[in-house]
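Reviewing the structure listed below.
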Amino acid sequence: MCGRSSLTIIEKELEKRFNSTFYSEDLERYNPLPNYNVAPTHMHPVITNLDQDHLQFFRWGLIPFWAKDMKIGYKMINARKETLLEKKTFKNAVNTKRCIVPFDGFYEWKKTSSGKQPYRIITTNTKVFSVAGLWDRWSPKEGEDIFSFTLITQEPNELLADIHNRMPAILSPDQERDWLNMDISSADAIESLQPYPSELMKAYPVSTRVGNVRENDEELLEEIDV
């Protein structure tokens, strides 16, 4: 499971990286960047298949269009690659509503003899990477529509296998537009999701403070001795 991440650059850097722009009204309303401790329910930038020229802020935790209660989003922060075409909610989304979600790191907890130790994982060949995701639009009985997303996870590479049994489906820059290309079949798009190479990633221990969603500062990124 991927349940904590980071995106610590400002919007201009993100726009340059993805050759996409934010809507000005979104920046005025949300603008949570930089975020050193991204957690479910946070508003976070995504690029969808329907609007590839813009970065938009969606809520982390998928709320399907058919949901009776938005609380379902707490249970749908991740979607397993292996079952995307088996579960109706994800099958519909992978066929029609794909997105990419930018991060510059994510956190996973390793079980040790002294308890769970958080690690920060980054890519070494690019400062900002993206994860394959799915999105949806939910209309409550009252209030504004909620746009939300989930992250796709898969089997870990050798580096992550020592820490956790799942990892996010990280895309190479060349894969990003292909994931958003709906002319590519769902089966082929899913098949293209392979564990990111271990040699292009780094994992290091960080403070246990990252487990508290209220903690959000630059020191969370610092490597510690364990």
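When all heavy atoms of Thr150 and Leu62 are compared, the closest pair comes out as CB-CB, 3.9 Å.
Salt-bridge annotation for Arg120 and Asp104: present, with a side-chain N of the basic residue lying under 4.0 Å from a carboxylate O of the acidic one. Note on Glu191 versus Lys81: no salt bridge recorded, every NZ/NE/NH1/NH2 to OD/OE distance being 4.0 Å or above. Between Arg166 and Glu155 a salt bridge is recorded (basic side-chain N to carboxylate O distance below 4.0 Å).
Paired with Asp136 under the rule salt bridge (Lys or Arg N to Asp or Glu O under 4.0 Å), one option of Arg98, Arg59, Lys97 passes, and it is Lys97. Across Ile122, Leu160, Thr124, a single residue satisfies side chain to side chain contact (heavy atoms under 4.5 Å, CB included) together with Met201, and that is Leu160.
Transitive grouping of hydrophobic side chains (ILVMFWY, heavy atoms separated by less than 4.5 Å) keeps Leu180 and Leu151 in distinct clusters. Under a hydrophobic-cluster definition in which Ile, Leu, Val, Met, Phe, Trp and Tyr are linked whenever side-chain heavy atoms come within less than 4.5 Å, directly or via other members, Ile9 and Phe103 are assigned to different clusters.
Here the side chain of Ser130 pairs no donor or acceptor atom with the backbone of Ile100 at under 3.5 angstrom.
Taking CD1 of Ile77 as the start and CZ of Phe149 as the end, the distance is 9.5 Å to the nearest 0.5 Å.
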Take Thr112 and Ser114 through the test side-chain hydrogen bond (donor to acceptor under 3.5 Å, both in side chains) and record every step on the way to the result. CA-CA 5 Å; Thr112 70; Ser114 57; 3.3 Å; yes
Apply side-chain hydrogen bond (donor to acceptor under 3.5 Å, both in side chains) to the pair Asp162 and Tyr119, showing each step before the final yes or no. CA-CA 11 Å; Asp162 186 53; Tyr119 279 74; over 6 Å; no
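Using a 4.5 Å heavy-atom cutoff, the side chains of Pro45 and Leu14 are in contact.
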